[in-house]
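Keep in mind the model is a prediction, meaning the values are calculated, not measured. Basis for what follows: all heavy atoms, side chains included, without hydrogens, waters or symmetry-related copies. Each ligand, and each atom within it, is numbered from 1 in the order the structure gives.
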Amino acid sequence: MTKTDQLTSPLDIQAIRADFPVLNQEAHPGKPLVFLDSAASSQKPRQVVDAMSTYLLHDHANVHRGIYALSERATDAYEAAREKVRVFINARSRREIIYTRNTTESVNLVAGSWGRANLGPGDVVVLSEMEHHSNIVPWQLLAEERGFTIRYIPVTDEGLLDLAAYETFLQQEPVKLVSVMHVSNVLGTVNPVAGMIRQAHAAGALFMIDGAQSVPHLAVDVQALDVDFLAFSGHKMAGPTGIGVLYGKRVLLEAMPPYMGGGDMIRRVTLEKSEWNDLPYKFEAGTPAIAEAIGLGAAVDYLGTLGMDNILAHEQIVVEYAMERLSEIPGLKVLGPGPDRRNGVTAFVMQDLHAHDTAQLLDMEGVAVRAGHHCAMPLHQRYCLPATTRASYYVYNTTADVDALVEAIYNARKLFGI
Ligand code: PLP
């Protein structure tokens, strides 16, 4: 029995682990795999793979085009998945759910469409120092072209957003958009987005959430938050790669120009000009990732059956235990705030042991973690760190995995004579 069981996780984790055959293997001979890299990409349950293979083996045809039974079946499954996503984040309409490839493409869509149409010299976009590159670089590219200014909310030593600086930006600058991550992929910080959205709206700015690390782990309700845009990736929430989502308020999406041109996104094309299709298709040019969308629908079903509140409660137990155990290790420092303000990840540095060496030595013990800047170079520069080692957790992880991680760290230290 694991400590998680003793601490009464609301979920039957052993039953959940049975849905993920990939977890049941040895990473190296005699070394069972301990998978602690779900923040990069989560594993997929059998239910998701089954939904995709059923579609591919029995129901595949292109969507929206065929007037035959098979194409109608494919279209129904593809659109049913969109409806599942709508319910999952409580959007008002299916038209507000745009399929993309991932969070990165969702942010680029907002920058390339809304941003290019609405931002110019004198305008300000507010990001934060803790952002993933996918919520920095698209804005930098556009700022070069359109001449607006980017401001970054500083991050405190503890790993929290400096909300006083945020308020000052909103009061003193012509801010048109705030785009901030909900949960940090390095610090684990859960940012107080509800209040930040109210403040942004009061200042006349729109708000976009990068939900890559929140939507997989906790209930995100776009209506309750009143958020304008939300970006997330299927592959971090038990779904396949190649499918992501941009949620946008309908009134905003209606007013935005297309992001990409091609088939399916038009109503009428002449050699002189074209007219755009209705939402969401205006933003979905070309043949979409049909099997992947269906897989995402199955992932949403899976998470919904477990219950997002249960998933969060379970992960809190594991993360709290990880913080406790990791802090016992001499010379090891976990980045970010205490367990009550974080979710999902523990990134750490160790005296006398480089992050990449640590990850390599942990791999020898079967423990899969990630080392590097985790696509958050500015955040690492903020802490004067070239790299960190990151263990990240999902619903299938247990405190036994944390024990394996800690034991592997002690073994790595021994090997280095620390
Ligand atoms: N935002 C955050 C917070 C992330 O952690 C990631 C991926 O790690 C991304 C954005 C980018 O996600 P994707 O590579 O799926 O586009």
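Looking at atom 1 (N) of ligand 1, its nearest protein heavy atom turns out to be D210 OD2, 2.5 Å. Given atom 4 (C) of ligand 1, the protein heavy atom at minimum distance is H132 CD2, 3.3 Å. When only non-hydrogen protein atoms are considered, atom 8 (O) of ligand 1 lies nearest to K236 NZ, 2.6 Å.
Listed by number with element, the atoms of ligand 1 under 4.0 angstrom from any heavy atom of M181 are 3 (C). Close contacts of ligand 1 with N185, meaning ligand atoms under 4.0 Å from a residue heavy atom, involve 5 (O). Residue S233 approaches ligand 1 through these ligand atoms, each under 4.0 Å from one of its heavy atoms: 12 (O), 13 (P), 15 (O), 16 (O). Close approach to T104 involves these atoms of ligand 1, each under 4.0 Å from a residue heavy atom: 11 (C), 13 (P), 14 (O), 16 (O). Close approach of ligand 1 to Q213 (heavy-atom distance below 4.0 Å) involves ligand atoms 3 (C), 4 (C), 5 (O), 8 (O). When each atom of ligand 1 is checked for a heavy atom of S134 under 4.0 Å away, the hits are 1 (N), 9 (C), 10 (C), 11 (C).
With hydrogens and angles left out, the side-chain atoms of Y259 and N108 include no donor and acceptor closer than 3.5 Å. Neither side chain, T156 nor D162, offers a donor N or O lying under 3.5 Å from an acceptor on the other. Checking H64 against E79 by side-chain atom types alone, a donor-acceptor pair falls below 3.5 Å. Looking only at atom types and distance, the side chain of S128 has a donor-acceptor partner in the side chain of E131 under 3.5 Å away. In the model, D363 has a side-chain atom that pairs as donor or acceptor with a side-chain atom of H28 under 3.5 Å.
Side-chain contact between Y410 and I329 is present, with at least one heavy-atom pair separated by less than 4.5 Å. Between D228 and H201, the closest side-chain pair of non-hydrogen atoms falls below 4.5 Å.
Under a 4.0 angstrom heavy-atom cut-off, H374 registers as lying outside contact with ligand 1. Not a single heavy atom of C375 sits less than 4.0 Å from an atom of ligand 1. Heavy-atom separations between E105 and ligand 1 are all 4.0 Å or longer.
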| request: Start with the C-alpha gap between E96 and R250, add the side-chain angles, then the distance that decides, and say whether salt bridge (Lys or Arg N to Asp or Glu O under 4.0 Å) holds. | output: CA-CA 6 Å; E96 298 177 317; R250 186 168 177 176; over 6 Å; no

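Counting heavy atoms of neighbouring residues, nucleotides and ligands inside a 6.0 Å radius, atom CZ of R101 does not exceed 12 of them.
If you look at H235 next to ligand 1, the close heavy atoms, those under 4.0 Å, all belong to the side chain.
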